[in-house]
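Values reported hereafter were calculated over all heavy atoms of this structure, with side chains retained and with hydrogens, waters and symmetry mates removed. Position 1 is the first residue of the sequence, and the numbers go up from there.
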Amino acid sequence: MQTVAVILFLLLAVVLSDFLARLLPFSVPRPVIQIALGSVMGLSSQLVVSLDPQVFFLLFLPPLLFLDGWRIPPEELFKDKGTVVQLALGLVVFTVLGMGVLIHALIPAMPLPVAFALAAVLSPTDPIAVSGVVQRVPMPRRMMHILEGESLLNDASGLVCFRFAVAAMVTGSFSLPAALLDFAWVATGGIAVGAGLTGVLTWLKNLVPRRLGEDSGLQILISLLIPFGCYLLAEELHCSGILAAVAAGLTMSFVESSGKALAVTRIRRNTFWDVIQFTASGIIFVLLGEQLHGIVAGASTTVRLTGHTQPAWLAVYVVAITLGLAALRFAWVMVSLRLRPIHARAAAGVPAGTAGTVARPGWRLVAVMSLAGVRGAVTLAGVLSLPLTLPGGAPFPARDLAILLSMGVITLSLAAASIGMPLLLKGLLVPADPAREAEEAAARTGAAHAAIAEIERLERRRSASVPEVDVVVAAAARVMNIYRARIESRSGNQEAIALARRGEAIEREMRLAGLQAERAAIFRELRARRLGSETARKLIRELDLIEARYSS
């Protein structure tokens, strides 16, 4: 019963954190609130959570990394692949080396391998935390995609470096040539396992519906099992389960482009994964807060070993490490973007009223990209997976201190981003992307032409077999008029297109009003017991799907 109660309290804390983040009159990042709620939860001796690092890592990392890989637009990832790779790989190595030395110099009691492990686990960034910070201010789309791509890859590269640092601490030895060979096998094997297993599983799950029909619940369950299966198989083969989960997500984005799943499956699956992402990320922060009391006690002991006695030195360490990370990121971003300048106004963060093409990154771009290095769920999951003991049974050195410092850096980076990024992005012109609008218009027009051709084919076939030809022709005309209106609204001169768009906006408003009135009438009939619950659910679901189409 205690385990069930702990799980329920964790879920309740995640729910409350979202309510508080929305209700507070000032902006506070949700992860900070979750840490605070977890700390309150930790005050109760009845709600103690004993974390197994390996189990913790397995439960939270595969689905989060898988979802990151699945949802990032592949074309946007490849568009700025040079910048993304420089940030995700080069910056990680730069951060691990620079911060590892700095942390060991600040805290001599922390062994150098542990310092490198802490630096490695601090290197991944969290785009979910960034999006939460800037949700009320404009974020250039291309910049956000670069940050997402960086986070997708640096999750893997940072945690692989973390694995090597921990192994060096546990075994007491480190060989660079052996590490490079091991890294090659770990990386290529992990990618191959993730891509290969996902490809085979998705082929099988698409084969069954063709013969037996599709069950949405089964499809969703398979999508949940894929990242865990890839992770466990890769780890069994001594490859990177992290890279396997990322590769599985990227592979899913490609195989799902076949469009073989039913529409209702995609809708339900997206909702399911939204819940998984929200819950898993939130629980990680709540668990950190719950562990905070014991962590602080252990960290204070470690600090005294360095010759300091005041707990304030912990804050000094957190600030110093955060500033060090910011300085390294700022320097790398400046060099990286000067080598590979972003030539898009929206990506470069050009203020309103500025004309021309950006040849060099402005200070606002560098500052925003640097502040966007917010640490989050992956950092916490990684640092909490540090072994509890060494092979001989001795406690893992400075483990509590590493966890506390990670928590402090996450909190401080969130606070800095929540204050600094809205100020830097304020007044930023985020112009419409003409290429994207043209791409969307062309896709909608092409799809409408294909729909009209298919309806005409079906009309000819049905007219030959149905006696009431006029009924078929009238039905086809009504449907085709919808597609012809869509084509007309995206062709012609700009004035005609603008007029058609205004008409579409008015039509959308009227359709939404009508749908809401329909729904209200159905609920009235249901409450009056003049309509059965099953029929009402069917009708409401149809209206909800239509409303989702017009609300998007």
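For the residue pair Trp273 and Pro227, the shortest heavy atom distance occurs at CH2-CG, 4.2 Å. The nearest pair of heavy atoms linking Ala244 to Cys230 is CB-O, 3.7 Å. The two residues Ala119 and Val96 come nearest to each other via the heavy atoms CB-O, 3.7 Å. Nearest heavy atoms, Val318 versus Val409: CG1-N, 3.8 Å. The shortest heavy-atom contact between Ile410 and Arg375 is CG2-O, 3.4 Å. Of all non-hydrogen atoms in Leu118 and Ser406, the two that sit nearest each other are CD1-OG, 3.2 Å.
In this structure the side chain of Thr411 reaches within 4.5 angstrom of the side chain of Met407, judged on heavy atoms. Two residues are said to be in side-chain contact when any heavy atoms from C-beta on lie closer than 4.5 Å; Ile146 and Met369 meet this criterion. Counting heavy atoms from C-beta outward, Arg30 and Asp18 have side chains that approach closer than 4.5 Å. Considering only heavy atoms from C-beta on, Ile103 stays 4.5 Å or farther from Tyr317 through its side chain. In this structure, the side chains of Ile33 and Leu16 stay at 4.5 Å or more apart for every pair of heavy atoms. Contact of the Leu122 side chain with the Thr95 side chain is not registered, since no non-hydrogen atoms from C-beta on lie closer than 4.5 Å. With a 4.5 Å cut-off on side-chain heavy atoms, Ile276 and Leu67 do not count as touching. Between Phe66 and Val246, the closest side-chain pair of non-hydrogen atoms is not below 4.5 Å.
Counted by atom type alone, Asn154 and Thr125 present one or more donor-acceptor pairs between their side chains at under 3.5 Å. Side-chain atoms of Thr251 and Trp70 form no donor-acceptor pair, as typed in the model, at a separation below 3.5 Å.
With rounding to the nearest 0.5 Å, the separation of CD1 in Ile283 from CD in Gln34 is 9.5 Å. Here Leu59 contributes atom CG and Ile284 contributes atom CD1; the two are 10.0 Å apart, rounded to the nearest 0.5 Å. How far CH2 of Trp332 is from CG of Leu87: 8.5 Å, rounded to the nearest 0.5 Å. The CG atom of Leu287 lies 9.5 Å from the CG atom of Leu380; values are rounded to the nearest 0.5 Å. In this structure, CG on Leu414 lies 11.0 Å from CD1 on Ile419, to the nearest 0.5 angstrom. One finds the CD1 atom of Ile107 at 5.0 Å from the CG atom of Leu405 (value rounded to the nearest 0.5 Å).
Between the side chain of Ser17 and the backbone N or O of Val14 there is at least one donor-acceptor pair closer than 3.5 Å. The main-chain N or O of Gly382 is found under 3.5 Å from a side-chain atom of Ser385 such that the two form a donor-acceptor pair. Within the 3.5 Å criterion, the main-chain N or O of Ala120 finds a donor-acceptor partner in the side chain of Ser123. Side chain of Ser253 to main chain of Leu250: a donor-acceptor pair is present (N/O by atom type, distance under 3.5 Å, no hydrogens or angles). With hydrogens and angles disregarded, no donor-acceptor distance shorter than 3.5 Å links the side chain of Glu290 to the backbone of Met41. Between the side chain of Arg399 and the main chain of Leu386, a donor-acceptor pair closer than 3.5 Å is present. A donor-acceptor pair under 3.5 Å links the side-chain atoms of Thr188 to the main chain of Ala184, judged by distance alone. Between the side chain of Thr322 and the backbone N or O of Leu412 there is no donor-acceptor pair closer than 3.5 Å. For His238 (side chain) and Val186 (main-chain N/O), no donor-acceptor pair under 3.5 Å exists by modelled atom type.
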Could you check Arg71 against Asp274 for salt bridge (charged side-chain N to carboxylate O under 4.0 Å, His left out), going step by step and ending with a plain yes or no?
CA-CA 11 Å; Arg71 288 188 168 176; Asp274 285 340; 2.7 Å; yes
Please assess Phe396 against Met169 for the test side-chain contact (heavy atoms from CB on, under 4.5 Å), listing each intermediate value before the final yes or no.
CA-CA 9 Å; Phe396 192 88; Met169 183 67 232; 3.8 Å; yes
Quick one: do Val286 and Ile35 satisfy side-chain contact (heavy atoms from CB on, under 4.5 Å)? Show the steps, please.
CA-CA 5 Å; Val286 175; Ile35 292 173; over 6 Å; no
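The pair Arg329-Glu150 counts as a salt bridge, with a side-chain nitrogen and a carboxylate oxygen less than 4.0 angstrom apart.
The salt bridge (Lys or Arg N to Asp or Glu O under 4.0 Å) contacts involving residues 91-117 comprise nothing, where partners must be two or more places apart or lie in separate chains.
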